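We use all heavy atoms of the structure for the numbers below, so side chains are in, but hydrogens, waters and symmetry mates are not. Note that the structure is predicted; figures quoted are calculated from it, not measured. Lettering of chains follows the sequences in order, A, B, ..., and the numbering in each one begins at 1.
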Amino acid sequence: MPKNKKPAGGRPAKNFDPSYAKKSKSKQHKRADASGSSRKPGSRSPGHRGYRPEEAEPKQRWSREEREAAGRSPRRSSSSRRDDRDGGGRYDRDDRPRRDDRDQRGSRGYDRDDRAPRRDDRDRRDSGRKYDRDDRAPRRDDRDQRGSRGYDRDDRAPRRDDRDRRDSGRRYDRDDRAPRRDDRDRDRSQRVAGRGYDHDDARKRDRDRGERPRRDHDDRRVAGRGYDRTDRDDRRGYDRTDRDDRRGYDRNDRPGFRESERRPSTYFPAKDDRAPYTPEDDVVLERLQAEAITADAVEGVTFADLGLGGNIVRSLRDLGAEHPFPIQAATIPVVLEGRDVLGRGRTGSGKTIAFGAPTVERLMQMWAAKGKAGEKRKLGRAPRALILAPTRELALQIDRTVQPIAQSVGLFTTQVYGGVPQGRQVGALQRGVDIVIGTPGRIEDLIEQRRLDLSEVEITVLDEADHMCDLGFLEPVQRILRRTREGGQKLLFSATLDTGVAALVDEFLVDPAVHEVAGEDQASGTIEHRVLVIRNDQKRDIVAQLAARPGKTLVFSRTRAFAEDLVEHLEDRGVFAVALHGDLNQARRTRNLQQLTSGKVDVLVATDVAARGIHVDDIDLVIQADAPDEYKTYLHRSGRTGRAGKRGVVVTLIPRGRHRRMTELLERAEIEAEFDEFARGDEFTIAAADASE
DNA sequence: AAAAAAT
């Protein structure tokens, strides 16, 4: 256990006195009632509700004719769409996800004989494959960038056949393993349905037929109609391939380790250890006492003024960041001082650069200070910075920003997240990287396998830090932080950073500097919020109606099953849509998100996997097909639109009975929204969002 | 309920 490094006798920073973290309704109300003089920095004036500085502009109509004139429908034929989805988008991507895609195909696309290829075989074969790869973009992977891969082969994974021999025989008698997914589903269904035995049998039959296990009736009810899911899954082809992937990628790439050396997995806790899901009260925690920077304080300031070196400044310019945003101006100098930092800036305010750029700069400075600059490229060096994110897509996205910054000064990053073969990640680590960017599960996995050593990590960043403190994330995150160098710098960022992060702050941070942007919160942006009170049986039609328009739309659903259902329904209505949720394999997740980014598709239906951090340009409509349960979720989901000063609309669909709950949630979010009764076919009119920032 | 490692 790392000891808490707070000075003896020191008391916790005021913000993180555990008593502040207590969730109490009364506190919330007190805050809401607080008079202007006592309000917390960054919170809105108590009079903000109903407050609207400018008159709304005249209503803008999205009439049926306009929608049709805009050519939403008819779209491409369904068969060509299908082909397109399977084949297209694979070879014409222009950013880094392609590499993962390739890896995944590589690991399952060839040599499926039982024995996985030996590591060196694979390398040889890989290079041989280049001949018939003319149809795709040139490879661009770490090896090529580095121009050398002379890492020491002696510490490579044991050969596969050795491993197989060792593993065989113990494969079926593991009692300490975490329950398999099916088991867990079954457990849940028994709990949920209360009479799970018949589902259980059906599920087993499905499994024996090699089909997807049945969902709970519960799910089907949510989905709205009782068709046979396995049928649909086959047609959409999304589940079978997923399962093949899940099986396939590991076989080839999993390095050997003795089963007995593993700790029992706690990553997905066994049912008995796991508290049944009980939604917590959605309460507003105390906001942080923060240094507030005002937007005009940034006038004329440059990244160089903030202490960043020339190469980094240039790389930021290449990324399109000419001048620092307020949150960046506020936090970059403090990070460079080496202090722990808590940063709060609303969605889309530039947090990635706010922590990414100074992290790189500081790594360089620390190297220079130790006179070890020459060791920058030492093979097998342990990473010195770690950036944690809650989803794979976010980790990828962060890497896309941080990687070029790091590269500008000769540092390397690598992504470490699940759902893709770990081979390349491990390879990169063996060659040596400076910044690891990833998600908790795979990072822990590689630590367990002794392939990732965090003991040299000087700087740890938690993006979406408050989310990383939620149930299910907190413990892995704590375990990971304990593996980093004691006393290392910690940076916690989120748009909704509050005292919920106290558990981490108390253990890992010393006297953190807290920064936010004055007067800037979610509600002060460029987003128009609407709530439509609808009949639930019309929900899917209404989603289709709203989404049938030019422009990118992001639809949020509470469950994966409903997300799939909505995609299906949208396509029935001629609206081409793709899904993003955890039931899809990573290649598809990456591809589907990419299709929205590239504009190949205008509608993405996602679970909350897409709620936080994901940046897609020009999403101008967010539809919440299911209302969120937490105000923070509302803020993050709606933050997918209205980014960088652009305008956006958020439409939340609720049944009549949810009116009051929704009103209260919006109150907590400090968001003003208009409620309207809405029925299928009604004309949808929106007030123009205030475009002035 | 979703997400986060896999088998």
Take atom [atom1] of [X] and atom [atom2] of [N], then tell me their distance rounded to the nearest Å.
| X | N | atom1 | atom2 | answer |
| --- | --- | --- | --- | --- |
| A/Leu446 | B/dA4 | CG | P | 16 Å |
| A/Ile443 | B/dA3 | CD1 | C1' | 14 Å |
| A/Glu393 | B/dA3 | CD | C1' | 10 Å |
| A/Arg451 | B/dA5 | CZ | P | 17 Å |
| A/Leu584 | B/dA3 | CG | C1' | 14 Å |
| A/Asp583 | B/dA4 | CG | C1' | 14 Å |
| A/Leu471 | B/dA4 | CG | P | 16 Å |
| A/Asp445 | B/dA4 | CG | P | 14 Å |

- Query: Heavy atoms, side chains only, cut-off 4.5 Å: are A/Thr484 and A/Leu386 in contact?
  - Reply: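 Yes. Closest side-chain heavy atoms under 4.5 Å.
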
- Message: Any carboxylate oxygen within less than 4.0 angstrom of a Lys/Arg side-chain nitrogen, looking at A/Glu630 and A/Arg668?
- Response: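 Looking at A/Arg668 together with A/Glu630, the answer is no, because their closest N to O distance does not fall below 4.0 Å.
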
Ignoring backbone atoms, establish whether [X] has a side-chain N or O less than 4.0 Å from OP1 or OP2 of [N].
| X | N | value |
| --- | --- | --- |
| A/Arg612 | B/dA3 | no |
| A/Arg392 | B/dA3 | no |
| A/Thr439 | B/dA3 | no |
| A/Thr607 | B/dA3 | yes |
| A/Arg637 | B/dA2 | no |

- Which nucleotide in the list B/dA2, B/dA4, B/dA3 gets nearest to the side chain of A/Thr559?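 For A/Thr559, the side-chain atoms sit closest to B/dA2.
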
- Partners of A/Asp453 by side chain to side chain contact (heavy atoms under 4.5 Å, CB included), sequence neighbours excluded? A/Ala382, A/Ser455

- Message: Suppose we screen for side chain to side chain donor-acceptor pair (under 3.5 Å). Which residues come up paired with A/Arg589, at least two apart in sequence or across chains?
- Response: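 Counting only residues at least two positions away or on another chain, A/Arg589 forms a side chain to side chain donor-acceptor pair (under 3.5 Å) with A/Glu393, A/Gln586.
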
- Message: Side chains of A/Gln403 and A/Gln415 only: does a donor on one sit below 3.5 Å from an acceptor on the other?
- Response: no

